[in-house]
A.B. asks: 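Here it is, the structure in full.
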Amino acid sequence: MAAAPDFSSLDPCVHCGFCLPACPTYLATGDEADSPRGRIVLMRALERGELAADDVALAEHLDACLGCRGCEPVCPSGVGYGRGLEAAREELFRARGLPPLAKLVLGVFRNERLWRPLFRLARLFRATGIPTALAGAGRVGFGMGMLAATVGWYGGKAVGSYRGRATGQEPTALPPYRPTVALFRGCVMDTLFGHVHAATRRTLEANGYQVLEVPGQVCCGALHEHAGDREAAQALAAKNLAAFGLSADYVCVNSAGCGALLKDYGHLLGTEEAQAFGARVRDVSELLAAMGPRRGAPLELEVAYDAPCHLLHAQRVEQAPLELMRAIPTLRLRLLPGSERCCGSAGIYSVLRPAMARAVLEDKIETLAAASPRPEVVATGNPGCLMQIGAGLRAAGLDIAVAHPVELLDASYEKAGMYEEQ
Ligand code: SF4
Ligand code: SF4
């Protein structure tokens, strides 16, 4: 029999309400039951058996939670909202399974023989240019915009278009010991964001790491875990653990959502081996920041950084992506109001609840549209955020690109001729 879900992380809640202004769904609906405090009351009622796990209203408000954990850092009592939500969603999953669409999507992500050909088709479709042409504000147009946003900041051009060493850029010495890094490839990142993997590899090597490829790895399981399907998440985590073993000093992730769960494999699997694995996981920005990183050539760009929730709130990685972009001379970096708030992507949330996902995104797009000077690029380190924000910008008719921070550093290094030294 499965262990009873553990809601003890919610114990410190004193119902002060400080978390309410940080909650995107509360800001969108103004309904207390869509706030962290309201949801904690519902989860407590579930724990005590006062509400059943198949209660429609309970499920509605817990399903509407983005799981962004924006409520955690602002809580003065240190409530572990994310752990409580995990427990509640596990209960809901046991009672009612998954809605048909979620079941279909998560089933595909569980099996590489399904998701890999599917994303390959998506990439072929992307190459026709049709998604870019049809990107817009309607539901289909928004979906097209999401796919179009996966092309990459170079717009599909080879990085070689930035060739030519910038004057005055003296290469700094590499460290004598070169730590080994195993690259976590993932599913969406490995298929639609291959250019980010390539940039990750090049920038890590330029900063003295040896990058290793690890065969046999699978999807991280974060989507399954967020949906309450713990068994599926554990099965995927066990495969990754077996694949990675002790292959390297670090495991590098460039997707914030995957990184948050990989770091938490110890909690998910409850073994020392998983704990040790989690301790070796780093976001790519952490690895690069730990090495400086080396400065590249100037890029004249106005960049707004938007923090992925699973990097900022779940992993508490705040400065590393900024340090990475500050290694690019003349790049003007800004944090716009609300840059710490969820964009509405939240794994498969934007597919299951498109209306709320769009409502949550709206503020961010309005802020970007009103910014002066207007950013040329929004940088963010998570595939879902790149797609959601990219589609939102296109739907609003804004000529602002989206890019992973390592893409920017990569272009700067390429321009500086740093890859010619290797
Ligand atoms: S979660 Fe924290 S901030 Fe929110 S009501 Fe409870 S104690 Fe207050
Ligand atoms: S996780 Fe995000 S959406 Fe859910 S209650 Fe907390 S702030 Fe609100």
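FYI, side chains are in, hydrogens and waters are out, and symmetry mates aren't considered; it's all heavy atoms of this structure.
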A.B. asks: Within a radius of less than 6.0 Å around CZ of Phe125, do more than 12 heavy atoms belonging to other residues, nucleotides or ligands occur?
C.D. replies: yes
A.B. asks: Which distance, rounded to the nearest 0.5 Å, do you find between the CG of Leu223 and the CD1 of Ile348?
C.D. replies: 6.0 Å
A.B. asks: Could you check whether atom CZ of Arg116 has more than 12 heavy atoms from other residues, nucleotides or ligands sitting under 6.0 Å from it?
C.D. replies: yes
A.B. asks: Are Glu414 and Arg202 ion-paired here, with the side-chain N under 4.0 Å from a carboxylate O?
C.D. replies: no
A.B. asks: Counting only heavy atoms not in Leu246, do more than 12 fall under 6.0 Å of its CG?
C.D. replies: no
A.B. asks: Test salt bridge (charged side-chain N to carboxylate O under 4.0 Å, His left out) on Arg94 and Glu231 and set out the steps.
C.D. replies: CA-CA 11 Å; Arg94 277 190 206 141; Glu231 210 177 284; over 6 Å; no
A.B. asks: Indicate yes or no: at least one non-hydrogen side-chain atom of Phe93 is less than 4.5 angstrom from one of Arg230.
C.D. replies: no
A.B. asks: Among Cys343, Ser350, Cys342, Cys309, which residue meets the side chain to side chain contact (heavy atoms under 4.5 Å, CB included) test with Leu66?
C.D. replies: Cys342
A.B. asks: Could you tell me whether the side chain of Arg83 reaches within less than 4.5 Å of the side chain of Asp6, counting heavy atoms only?
C.D. replies: no
A.B. asks: One pair to check against salt bridge (charged side-chain N to carboxylate O under 4.0 Å, His left out): Arg334 and Glu302. What are the steps and the verdict?
C.D. replies: CA-CA 8 Å; Arg334 275 180 302 159; Glu302 288 286 343; 3.8 Å; yes
A.B. asks: Is a donor on one side and an acceptor on the other found under 3.5 Å between the side chain of Arg37 and the backbone of His15?
C.D. replies: yes
A.B. asks: Go through the steps to decide whether Leu92 and Asp63 satisfy the test side chain to side chain contact (heavy atoms under 4.5 Å, CB included), and finish with yes or no.
C.D. replies: CA-CA 9 Å; Leu92 264 57; Asp63 285 347; 4.1 Å; yes
A.B. asks: So, the side chain of Arg358 versus the backbone of Ala137: is there a donor-acceptor pair under 3.5 Å, distance only?
C.D. replies: yes
A.B. asks: For residues His224 and Cys219, determine if any side-chain heavy atom of one lies less than 4.5 Å from a side-chain heavy atom of the other.
C.D. replies: yes
A.B. asks: Roughly how far apart are Arg332 CZ and Leu299 CG, rounded to 0.5 Å?
C.D. replies: 10.5 Å
A.B. asks: Any chance you could lay out the side chain to side chain contact (heavy atoms under 4.5 Å, CB included) test for Cys65 and Tyr349, step after step, and finish with the verdict?
C.D. replies: CA-CA 9 Å; Cys65 175; Tyr349 188 101; over 6 Å; no
A.B. asks: Backbone N or O of Asn254 within a donor-acceptor pair of the His404 side chain at under 3.5 Å?
C.D. replies: yes
A.B. asks: Tell me, with the steps shown, if Glu213 and Arg201 meet salt bridge (charged side-chain N to carboxylate O under 4.0 Å, His left out).
C.D. replies: CA-CA 10 Å; Glu213 293 292 342; Arg201 212 193 154 93; 2.7 Å; yes
A.B. asks: Using side chain to side chain contact (heavy atoms under 4.5 Å, CB included), reason through Phe184 and Met189 one step at a time and then give a plain yes or no.
C.D. replies: CA-CA 9 Å; Phe184 180 74; Met189 288 306 293; over 6 Å; no
A.B. asks: Is there side-chain contact between Leu361 and Phe142, with heavy atoms separated by less than 4.5 Å?
C.D. replies: yes
A.B. asks: Is any side-chain heavy atom of Phe193 less than 4.5 Å from a side-chain heavy atom of Met387?
C.D. replies: yes
A.B. asks: Do Asp306 and Glu340 touch side chain to side chain, with heavy atoms closer than 4.5 Å?
C.D. replies: no
A.B. asks: Just checking, any donor-acceptor pair under 3.5 angstrom between side chains of Thr367 and Arg341?
C.D. replies: no
A.B. asks: With the threshold set at 4.0 Å, does a side-chain nitrogen-carboxylate oxygen contact exist between Arg374 and Asp399?
C.D. replies: no
A.B. asks: First locate atom OG1 of Thr25, then atom NE2 of His61, and finally report the distance between them rounded to the nearest 0.5 Å.
C.D. replies: 10.0 Å
A.B. asks: Do Asp249 and Arg282 pass the salt bridge (charged side-chain N to carboxylate O under 4.0 Å, His left out) test, and can you show the C-alpha distance, the side-chain angles, and the key distance before you say yes or no?
C.D. replies: CA-CA 10 Å; Asp249 297 323; Arg282 299 284 186 281; over 6 Å; no
A.B. asks: Specify the closest pair of heavy atoms between Ala243 and Val214, including all atoms of both residues, with the distance to one decimal.
C.D. replies: O-CG1, 3.3 Å
A.B. asks: Verify, without hydrogens or angle tests, whether Tyr209 (side chain) and Leu287 (backbone) share a donor-acceptor contact under 3.5 angstrom.
C.D. replies: yes
A.B. asks: Once you round to the nearest 0.5 Å, how far does CG of Leu98 lie from CZ of Arg96?
C.D. replies: 7.5 Å
A.B. asks: Okay, side chain of Gln217, backbone of Arg185: is any donor-acceptor separation there less than 3.5 Å?
C.D. replies: yes
A.B. asks: Which heavy atom in Asn240 sits nearest to a heavy atom in Val218, and how many Å separate them?
C.D. replies: OD1-N, 2.8 Å
A.B. asks: Could you tell me whether a side-chain N or O of Glu91 sits under 3.5 Å from a main-chain N or O of Ala53, the two making a donor and an acceptor?
C.D. replies: no
A.B. asks: Are more than 12 heavy atoms, taken from residues, nucleotides or ligands other than Arg113, located less than 6.0 Å from that residue's CZ atom?
C.D. replies: no
A.B. asks: Examine distances only and state if a side-chain atom of Gln234 and a backbone atom of Leu268 form a donor-acceptor pair shorter than 3.5 Å.
C.D. replies: yes
A.B. asks: Which atoms form the tightest heavy-atom contact between Met418 and Gly296, and what is the distance?
C.D. replies: SD-CA, 4.0 Å
A.B. asks: Would you confirm whether the ring centroid of Tyr265 sits within less than 6.0 angstrom of the ring centroid of His267?
C.D. replies: no
A.B. asks: Mind checking the CZ-NZ spacing from Phe277 to Lys263? Nearest 0.5 Å is all I need.
C.D. replies: 11.5 Å
A.B. asks: Tell me the closest heavy-atom pair linking His195 and Leu192, and the distance in Å.
C.D. replies: CE1-O, 3.5 Å
A.B. asks: Quick one: CG on Leu183 to OH on Tyr250, what's the gap to the nearest 0.5 Å?
C.D. replies: 16.0 Å
A.B. asks: Donor-acceptor pair, Glu72 side chain versus Gly82 backbone, under 3.5 Å?
C.D. replies: yes
A.B. asks: Assess the residue pair Leu322 and Leu335 against the criterion (side chain to side chain contact (heavy atoms under 4.5 Å, CB included)); give the C-alpha distance rounded to whole Å, side-chain angles, the decisive distance to 0.1 Å, and a yes or no.
C.D. replies: CA-CA 10 Å; Leu322 303 175; Leu335 297 180; 4.0 Å; yes
A.B. asks: Is a side-chain N or O of Thr380 found less than 3.5 angstrom from the main chain of Leu386, in a donor-acceptor match?
C.D. replies: no
A.B. asks: Is any side-chain heavy atom of Pro76 less than 4.5 Å from a side-chain heavy atom of Phe18?
C.D. replies: yes
A.B. asks: What heavy-atom pair brings Gly259 and Val253 nearest, and what distance separates the two atoms?
C.D. replies: N-CG1, 3.6 Å
A.B. asks: Please find the pair of heavy atoms, one from Gln315 and one from His310, that lie closest to each other, and give the distance.
C.D. replies: CG-O, 3.1 Å
A.B. asks: Can you confirm whether more than 12 heavy atoms, excluding those of Glu50, are under 6.0 Å from its CD atom?
C.D. replies: yes
A.B. asks: Donor-acceptor check, side chain of Ser412 to backbone of Leu408, threshold 3.5 angstrom: yes or no?
C.D. replies: no
A.B. asks: Taking the side chain as everything from C-beta on, heavy atoms only, tell me whether Val188 gets closer than 4.5 Å to Trp115.
C.D. replies: no
